[in-house]
Every structure is written in structure tokens, then in C-alpha cells.
Amino acid sequence: MLITEEERVKIVEFLSAVDEMIEGRFILSDTKVANILKGIVKSEVLYNLYSKCMQGFKFMSMMDRCKAENPSNGGYFVMPDEEKDIIAFVTCLLLEVDKKNINLQTFVTDNFYSNDGYNISYNNFALTVLVTYKTSIKNLLGIDDEGKIIEDEDFSDGQIAIEEEKVEADQDTKILFANLVMNINELYNAINDDYKIKMAEKEELLIVLKALNRAVHLEELLVINALLIPLEHSLNKYKKLRPIYENVKLLIADIYY
């Protein structure tokens with residue numbers, strides 16, 4: 001994978017934003033989260049890495065598996081095993097914090113509590129979640145802290161091939177798009193897991209969602225509108241899926257209208 005000098009600078013800025021949150025505390029954490037997300041959407045390499053890692057990923061299922069109150073975790077927060085899942089999970093977590101759906105202080109207290117106070121709890125969170133996140137991104141891209149490709153290390157088995165896609169959008173729009181990727185993926189998984197949907201209809205819906213995700217990447221508004229019609233018609237029958245679909249529609253409206 002070739003990383004241009006312009007991309008290298010953007011990746012270093014992103015890594016610095018992660019470091020600032022690692023070294024910080026809860027104060028100004030909203031700004032630090034926003035800076036990390038802006039770092040992702042500014043870089044085509046990082047943005048496409050996130051999109052690749054999101055394929056087949058289920059955020060809420062992974063959250064249930066990871067959180068400290070899961071009996072199988074023995075009272076400790078446990079990160080995902082795969083580096084691609086770590087990247088998808090932490091990015092989704094930060095997106096949820098940014099949208100105020102997850103309160104960061106509550107999340108830290110619930111999952112990384114220390115009798116020595118909140119600062120120690122935050123340190124535990126930063127080491128477990130953010131440091132692991134940063135390391136996973138560097139490993140899958142095969143880069144060092146300066147954003148340079150590491151030639152001598154054998155990262156070939158774990159690296160994810162990143163396609164360069166030109167996305168003409170401002171940072172706020174691309175953060176909306178990152179949320180849209182997460183919601184389309186959530187709807188895809190919900191449909192795939194719903195035993196009440198007949199197989200033939202399920203396959204059609206999943207094909208439409210794959211096409212929708214691609215159309216959003218290419219900013220093909222006419223195609224997006226056309227694809228929403230069969231989704232709207234089919235999902236009217238499934239009340240459980242409607243809220244996820246409505247979120248998808250709202251995010252599309254925010255981006256394109």
C-alpha cells in the first residue's frame with residue numbers, strides 16, 4: 001500500500017489526536033473525541049480502513065461481549081480479539097460518544113472502576129481501549145508513529161488492503177457518513193439475523209443494502225433514492241427493523257439534502 005506524503009501527515013495528526021486523549025482526562029474529552037473522528041474522515045486511508053473493518057461487524061453484540069458486567073469477563077472489560085474488530089469497535093464507541101448516545105464518564109466508571117479515583121479509572125480505559133486502538137491501526141496499515149511504511153516487519157498476514165476512494169465532502173459530512181456506514185451495517189446484520197424474513201426476500205434486501213452502501217460511497221443520489229424505495233416497501237412489514245431503517249434515512253437526508 002502506498003501512502004502519499006499528504007496522507008502520511010494526516011495519519012500522524014490522527015495518531016497525535018489519539019495520544020492527546022490517552023494522556024488527557026475526562027475534561028475536554030468531547031473535543032478530544034471530535035478530533036479523533038475528524039482525523040479519521042480527513043484521511044482517505046484511515047476512512048477506508050474503518051469502512052473495511054466495519055464489514056460484518058456488530059457493535060452492540062461486541063459491546064455486550066466486552067463490557068465488565070458480562071459474567072464471562074470476570075468483572076473486567078475485555079477488548080475484541082481481532083485487530084479489525086478493535087478498530088471497528090472503538091471507532092463506533094467514539095461515534096456513539098460524539099452523538100451523546102454513550103456518556104464517556106459513565107462508560108469509564110462502569111467498565112474501568114478504580115478505588116483510587118476517576119483519574120486512575122480513566123488511565124485504565126486509555127491503556128485498555130485507546131492504546132490498543134492506536135496499535136491495531138498501526139499494525140493493519142503496517143506503519144510506525146510517523147506514518148511511514150515499516151518495510152522490515154512482517155505485517156503482511158494481518159494487513160487489510162485499502163482501496164483509495166476520492167470522497168468530496170467536508171469533515172462534518174464525512175462524520176455523518178461514518179455514522180451512516182455503522183447504521184447500514186447494523187440494518188444489514190439485523191436483517192441477516194431475523195429468522196422471520198423468508199430467505200429469498202432476505203437475500204434481496206441484503207443485496208439492496210450492499211448496493212446502497214456502495215452508492216453512498218460514490219455519492220450517487222439518484223441511485224440512493226431508487227434503492228430506498230424497495231427498502232421502504234419491504235421493511236414496512238417488520239416493525240423491529242423500522243427504527244434502524246429510519247436512522248439510515250435521517251442520516252442520508254442530513255448528508256444529501
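With a 6.0 Å radius and a threshold of 12 heavy atoms from other residues, nucleotides or ligands, Lys240 has its NZ atom at or below the threshold. Residue-environment remark: NZ (Lys249) exceeds the threshold of 12 foreign heavy atoms within 6.0 Å.
With Asn70 contributing its side chain and Arg65 its backbone, the two residues share a donor-acceptor pair below 3.5 Å.
A donor-acceptor pair shorter than 3.5 Å cannot be found between the side chains of Asn192 and Lys202. Between the side chains of Thr128 and Tyr76, no donor-acceptor pair is found at a separation under 3.5 Å.
How far CZ of Phe59 is from CD of Glu186: 9.5 Å, rounded to the nearest 0.5 Å. Within the model, atoms CG of Leu46 and OG1 of Thr91 stand 9.0 Å from one another, a figure rounded to the nearest 0.5 Å. Remark: Asp110 CG to Gln105 CD distance equals 10.5 Å, nearest 0.5 Å.
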Chi angles and distances behind the salt bridge (charged side-chain N to carboxylate O under 4.0 Å, His left out) call for Glu69, Lys67: CA-CA 6 Å; Glu69 64 187 49; Lys67 61 187 179 182; 3.5 Å; yes

Begin from the C-alpha positions of Glu7 and Ser43 and carry the test side chain to side chain contact (heavy atoms under 4.5 Å, CB included) through to its verdict. CA-CA 6 Å; Glu7 275 295 313; Ser43 165; 2.7 Å; yes

Walk me through whether Glu201 and Lys237 qualify under salt bridge (charged side-chain N to carboxylate O under 4.0 Å, His left out). CA-CA 12 Å; Glu201 184 178 10; Lys237 297 180 289 183; 3.1 Å; yes

Residue pair Asp145, Lys134: steps toward the salt bridge (charged side-chain N to carboxylate O under 4.0 Å, His left out) verdict: CA-CA 10 Å; Asp145 285 325; Lys134 177 183 174 183; 3.7 Å; yes

Going through the distances and angles, do Tyr113 and Tyr118 end up as a ring pair (Phe, Tyr, Trp, His ring centres under 6.0 Å)? CA-CA 7 Å; Tyr113 178 77; Tyr118 181 79; 9.9 Å; no

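Side-chain contact between Asp85 and Cys53: absent, with no pair of heavy atoms (C-beta onward) separated by less than 4.5 Å. The side-chain heavy atoms of Met21 and Phe125, taken from C-beta on, include a pair separated by under 4.5 Å.
Of the options Asn189, Leu209, Leu251, a side-chain contact (heavy atoms from CB on, under 4.5 Å) to Ile184 is made by Leu209 and by none of the others.
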